[in-house]
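See structure below.
Lettering of chains follows the sequences in order, A, B, ..., and the numbering in each one begins at 1.
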Amino acid sequence: MPELPEAEVVARQIRAQLTGCRVRELWVGRADIVRQGYDWRPWYVDARLDSVARYGKSIAMAFAKGGETRYLVAELGMTGLLLFASVAIKLPQHIHARLVFDGGKETELRYWNPRRFGCLRLLDQGGLEQYVRKRFGSDPLAVTIEDFTARIQERRGRLKPLLMRQQVIAGIGNIYANEILFRAGLHPHARVNRLAPSSRERLYHVTRTVLTEAIACGGSSVRDFFAPDGGEGSYKQYHLVYGKTGQPCPNRCGATIRRLKGERSSFYCPRCQRRR
DNA sequence: AGCTCTTCCTGAAAGC
DNA sequence: TGCTTTCAGGAAGAGC
C-alpha cells in the first residue's frame, strides 16, 4: 500500500525518467477509473510533462501545452502502481490507463490497480488547487515544528487516527503510523490534546525520521509495491511492529507486540507505548 | 467534532 | 482436491 514514502519514490522516478517528454496518447481502458475530467483526455496529446509533484500519497504530473498547464493526478489507493511499460508487461491484467510518450517502450507509463481503490483525475490549475486545498493538510516533511504541534494540540481525538488524517497531516497510512508511534513511544489511543509538549516534539521528529529513512530505502514493499522501474523498497526490513503480532518487543522490554481488536490493525507494544 | 459502520474491489488465505 | 467464505484496507459518506 503506497503511502508517502512510496509515492515520493514514484514521483522521483517519473520526474527523472519522463520530464520534458511529449505525450503521444492518453489511453484509458475503463472510464470509471478517471474520477474527474474524463472528457479532457484529448487535451493531453502533444502536451509536455513539465514537472511532477507529490501531495500526501497522490502524484500530480503537470503538463504544458500552448501556454496552459493541466494536471494528471494519480491516487494509488491500496494496490495502485505507476509502472514504466517494460515493467508493466509482467502485469498484463488490471492496467486501466496508459500514458504514451514519444520515444518508444521505455517512455510509457501505465496505471495498474487490481482493486481499484484509487483513481485518476484530469484537472486544470484551479481544479488542482481546489483538490489540494480540500484534501491535504501539512506535508510532514515540509511542516515546521511550530505548525505541526499547533495543528495537533487543538485536536481532541485519538493519536493514530489523527496521524492518518490526510486533511491534517498528509501522507501517513497504517504502516507508517504504527511504526512512528512505536518509535515515539506513544499509544495509538493516546489523547492528542493531553500529550506533553515533549511528546509532541518527539512525534514530529520521529515522523520525519521514519519517512525520510523509508524514502531513502525506496519505500516498503509489503505486499506488492513496486516503483515505476520495477524496484522493490527495502524499508520493510526495518519495520519494528507492523505485522509482528506475538513477537517480542524490539526494545527487549519483555512484552510482546499486540494487535488491537475491532480496529484496522494497530500494532503496538503495551509496555513501551503507554496510553498517558 | 469525533467515533463507528458501510461501501467500493479483488485476490490471497482460511475453512469445509 | 475444489469449492465457498472471509478478510484486508484508503478514503468518503452516513448516522449517531
Next on the checklist: For residues 47-63 of chain A, which residue pairs pass the salt bridge (charged side-chain N to carboxylate O under 4.0 Å, His left out) check, not counting sequence neighbours?
Outcome noted: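 Residue pairs passing salt bridge (charged side-chain N to carboxylate O under 4.0 Å, His left out), neighbours aside: A/Glu8-A/Arg54, A/Arg54-A/Asp139.
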Next on the checklist: Taking salt bridge (charged side-chain N to carboxylate O under 4.0 Å, His left out) as the cut-off, I'd like each qualifying pair that reaches into residues 26-45 of chain A, sequence neighbours left out, listed once.
Outcome noted: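 As it turns out, the salt bridge (charged side-chain N to carboxylate O under 4.0 Å, His left out) pairs with a partner in residues 26-45 of chain A, which skip direct neighbours, are A/Arg30-A/Asp32.
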Find the distance [X]:[atom1] to [N]:[atom2] and express it as a whole number of Å.
{"X": "A/Lys160", "N": "B/dT4", "atom1": "NZ", "atom2": "P", "result": "12 Å"}
{"X": "A/Ile152", "N": "B/dA1", "atom1": "CD1", "atom2": "P", "result": "17 Å"}
{"X": "A/Arg155", "N": "B/dA1", "atom1": "CZ", "atom2": "C1'", "result": "8 Å"}
{"X": "A/Phe117", "N": "C/dG10", "atom1": "CZ", "atom2": "C1'", "result": "8 Å"}
{"X": "A/Gln153", "N": "B/dA1", "atom1": "CD", "atom2": "C1'", "result": "17 Å"}
{"X": "A/Gln93", "N": "B/dT10", "atom1": "CD", "atom2": "P", "result": "10 Å"}

For [X], give me all partners under side-chain contact (heavy atoms from CB on, under 4.5 Å), at least two apart in sequence or on another chain.
{"X": "A/Pro5", "answer": "A/Glu3, A/Tyr176, A/Leu211, A/Ala214, A/Ile215"}
{"X": "A/Val9", "answer": "A/Gln13, A/Ala227"}
{"X": "A/Arg151", "answer": "A/Ser138, A/Val168"}
{"X": "A/Thr256", "answer": "none"}

Item to check | Flag side-chain contact, heavy atom, 4.5 Å: A/Tyr204 against A/Ile152 | outcome: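 Result no, sub-4.5 Å side-chain heavy-atom pair not found.
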Next on the checklist: As a quick check of understanding, evaluate side-chain contact (heavy atoms from CB on, under 4.5 Å) for A/Phe84 and A/Gln17, giving each step before the final call.
Outcome noted: CA-CA 9 Å; A/Phe84 299 135; A/Gln17 179 81 17; 3.4 Å; yes
Checklist entry - Can you tell me if the side-chain N/O atoms of A/His94 get under 4.0 Å from OP1 or OP2 in B/dC9? => result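 Answer is no, no contact under 4.0 Å.
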Checklist entry - Among B/dG2, B/dC9, B/dG11, which is the nearest nucleotide to the side chain of A/Arg165? => result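 My answer, after comparing the listed nucleotides, is B/dG2.
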Next on the checklist: Closest approach to the side chain of A/Arg158, judged atom by atom: which nucleotide of B/dC9, B/dC3, B/dG2 is it?
Outcome noted: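 Nearest to the side chain of A/Arg158 among the choices is B/dC3.
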Next on the checklist: Among residues at least two apart in sequence or on other chains, which ones pass salt bridge (charged side-chain N to carboxylate O under 4.0 Å, His left out) with A/Arg116?
Outcome noted: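 A/Arg116: no salt bridge (charged side-chain N to carboxylate O under 4.0 Å, His left out) contacts found.
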Checklist entry - Which residues pass the salt bridge (charged side-chain N to carboxylate O under 4.0 Å, His left out) test with A/Glu68, sequence neighbours left out? => result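 Here the qualifying residues are A/Arg70.
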Next on the checklist: Categorize A/Asn174 for me: base, sugar-phosphate, or nothing, with a 4.0 angstrom heavy-atom threshold over every strand shown.
Outcome noted: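 Sugar-phosphate contact only.
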Item to check | Contact letters for nucleotides 11-16 of chain C, in which S counts primed atoms plus P, OP1 and OP2 and B counts the base, heavy atoms under 4.0 Å | outcome: BS----
Next on the checklist: According to ring pair (Phe, Tyr, Trp, His ring centres under 6.0 Å), who are the partners of A/Phe267, at least two apart in sequence or on a separate chain?
Outcome noted: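 A/Tyr242.
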Checklist entry - What does the inter-axis angle of the helix from B/dG2-C/dC16 to B/dC16-C/dG2 come out as, five pairs per end, nearest 10 degrees? => result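 Roughly 50°, once rounded to the nearest ten degrees.
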Any protein N or O atoms within reach of nucleotides 6-8 of chain C? Criterion: under 3.5 Å, listing atom names and distances.
residue, atom, partner, partner atom, Å
C/dA8, N3, A/Arg115, NH1, 3.0

